[in-house]
Student: 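Handing you this structure, nothing more for now.
We name chains A, B, ... by the order of the sequence lines, and we start the count at 1 in each one.
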Amino acid sequence: MSPRGALAPLPRSFYARDTVDVARELLGKLLVRSGPQASVSRIVEVEAYLGERDQASHARRGPTPRAAIMFGPPGHLYVYLVYGMHHCMNVITEGDGVAGAVLLRAAEPLAVGGQVPRATASIRPLAGPGKLCAGLGITRAQNGLDLCAAGTLFVAADPLPPPDVMPRVKRSPRIGVAYAGAWASRKLRFYLAGNPHVSGKPRE
DNA sequence: GCCACGATAGTG
DNA sequence: ACTATCGTGGCG
């Protein structure tokens, strides 16, 4: 069995915590997609969306039909459509009844179809939330999916973690939330400095 | 009902 | 800077 042959979903207790802590610790974790579109990729960029007080969060208007899932139990997937054409995927955080989510913005492709590719450049880039969902085949059909079950999508700890992941975590304001007043400048975007798969220009 | 506006990304 | 393209939610 290969070193990555025993990937298991992170337990619900991982998600049932402070959203910022979950966001930081998701960096370096593995996104595992099984089935026809099987792939493994490393999460390199995320954004934390806090509860109702966060004016950039979909939860800011309370548990509306779309955002209600953010108030639900942790460890589930929240997928929505932005600008009428791109999907964005989030993991739900905090305890049941408390809103919180982490937007997955970029991942580094590691393997496709169970095979480690010769060059990661041969794989579609996964930089940016829309591209990430497109690359993994995530649509609203996956909204509400339980990431803590061993299904077609889950997050796993890397059994062979690079030694320098956590020291490389940097933070910045979130992308595309200029309307959010004081919340627009809060440094709630986290990424691995220097990783070429991080979206946008300021990778350092 | 109706309508303004995005947690985007590619092109000019 | 401009645009494709549509669900969400605010408002009446």
Student: Side-chain atoms of residues 64-78 of chain A: list all donor-acceptor pairs with protein atoms under 3.5 Å, sequence neighbours left out, distances to 0.1 Å.
Tutor:
unit_1	atom_1	unit_2	atom_2	d
A/Thr64	OG1	A/Ala67	N	3.4
A/His76	ND1	A/Gly144	O	3.1
A/Tyr78	OH	A/His58	ND1	2.7

Student: Quick one: which of A/Asn90, A/Val82, A/Leu103 gives a side chain to side chain contact (heavy atoms under 4.5 Å, CB included) with A/Pro129?
Tutor: A/Leu103
Student: Ignoring hydrogens, what is the shortest heavy-atom contact between A/Ala127 and A/Ala106? Give both atom names and the distance.
Tutor: CA-CB, 3.8 Å
Student: Any side-chain N or O of A/Thr64 below 4.0 angstrom from OP1/OP2 of C/dT8?
Tutor: no
Student: Report the residue from A/Leu26, A/Leu30, A/Leu7 that forms a side chain to side chain contact (heavy atoms under 4.5 Å, CB included) with A/Val155.
Tutor: A/Leu26
Student: How would you list, by chain and number, every residue that makes a side-chain hydrogen bond (donor to acceptor under 3.5 Å, both in side chains) with A/Thr19, sequence neighbours excluded?
Tutor: A/Thr93, A/Glu94
Student: May I ask you to say what A/Arg60 touches in the nucleic acid, namely base, sugar-phosphate or nothing, with a heavy-atom cut-off under 4.0 Å?
Tutor: nothing
Student: For DNA chain B, which nucleotides open and close the run of contacts to chain A, 5' to 3', at under 4.0 angstrom from a non-hydrogen atom?
Tutor: B/dG6 to B/dG10
Student: Counting the atoms with a prime plus P, OP1 and OP2 as sugar-phosphate, which does A/Arg174 contact under 4.0 Å by heavy atoms, base, sugar-phosphate, or nothing?
Tutor: nothing
Student: Looking at DNA chain B, which of residues 78-92 of chain A put a heavy atom within less than 4.0 Å of it?
Tutor: A/Tyr80, A/Val82, A/Tyr83, A/Gly84, A/His86, A/Asn90
Student: Hey, could you give me the CG/CG distance between A/Leu160 and A/Leu110, rounded to the nearest 0.5 Å?
Tutor: 10.5 Å
Student: Could you tell me which residues satisfy side-chain hydrogen bond (donor to acceptor under 3.5 Å, both in side chains) with A/Arg140, sequence neighbours excluded, listed by chain and number?
Tutor: none
Student: Under a cut-off of 3.5 Å for both distances of each Watson-Crick or G-U pair, what dot-bracket string does DNA chain C give, using [ ] for crossing pairs and | for inter-strand pairs?
Tutor: ||||.||||||.
Student: Examine C/dC6: is either OP1 or OP2 under 4.0 Å from a nitrogen or oxygen in the side chain of A/Arg140? Give yes or no.
Tutor: no
Student: If we take the P atom in both C/dC2 and B/dC5, what is their distance in whole Å?
Tutor: 16 Å
Student: What pairs of donor and acceptor atoms, side-chain ones from residues 147-154 of chain A against any protein atom, are under 3.5 angstrom apart with sequence neighbours left out?
Tutor:
none

Student: Scan the side chains in residues 43-54 of chain A for donor-acceptor partners under 3.5 Å anywhere in the protein, sequence neighbours excluded, and list what turns up.
Tutor:
unit_1	atom_1	unit_2	atom_2	d
A/Glu45	OE1	A/Ser199	N	2.7
A/Glu45	OE1	A/Ser199	OG	2.9
A/Glu45	OE2	A/Arg105	NE	2.8
A/Glu45	OE2	A/Arg189	NE	2.9
A/Glu45	OE2	A/Arg189	NH2	3.2
A/Glu45	OE2	A/Ser199	OG	2.9
A/Glu47	OE1	A/Tyr49	OH	2.7
A/Glu47	OE2	A/Ile175	N	2.9
A/Asp54	OD1	A/Ala56	N	2.9
A/Asp54	OD1	A/Arg174	NH2	3.1
A/Asp54	OD2	A/Leu50	N	2.9
A/Asp54	OD2	A/Arg174	NH1	2.7

Student: By salt bridge (Lys or Arg N to Asp or Glu O under 4.0 Å), which residues pair with A/Asp146, not counting sequence neighbours?
Tutor: A/Arg12
Student: With no hydrogens and no angle check, is any side-chain donor or acceptor of A/Arg24 less than 3.5 Å from a backbone partner on A/Asp21?
Tutor: no
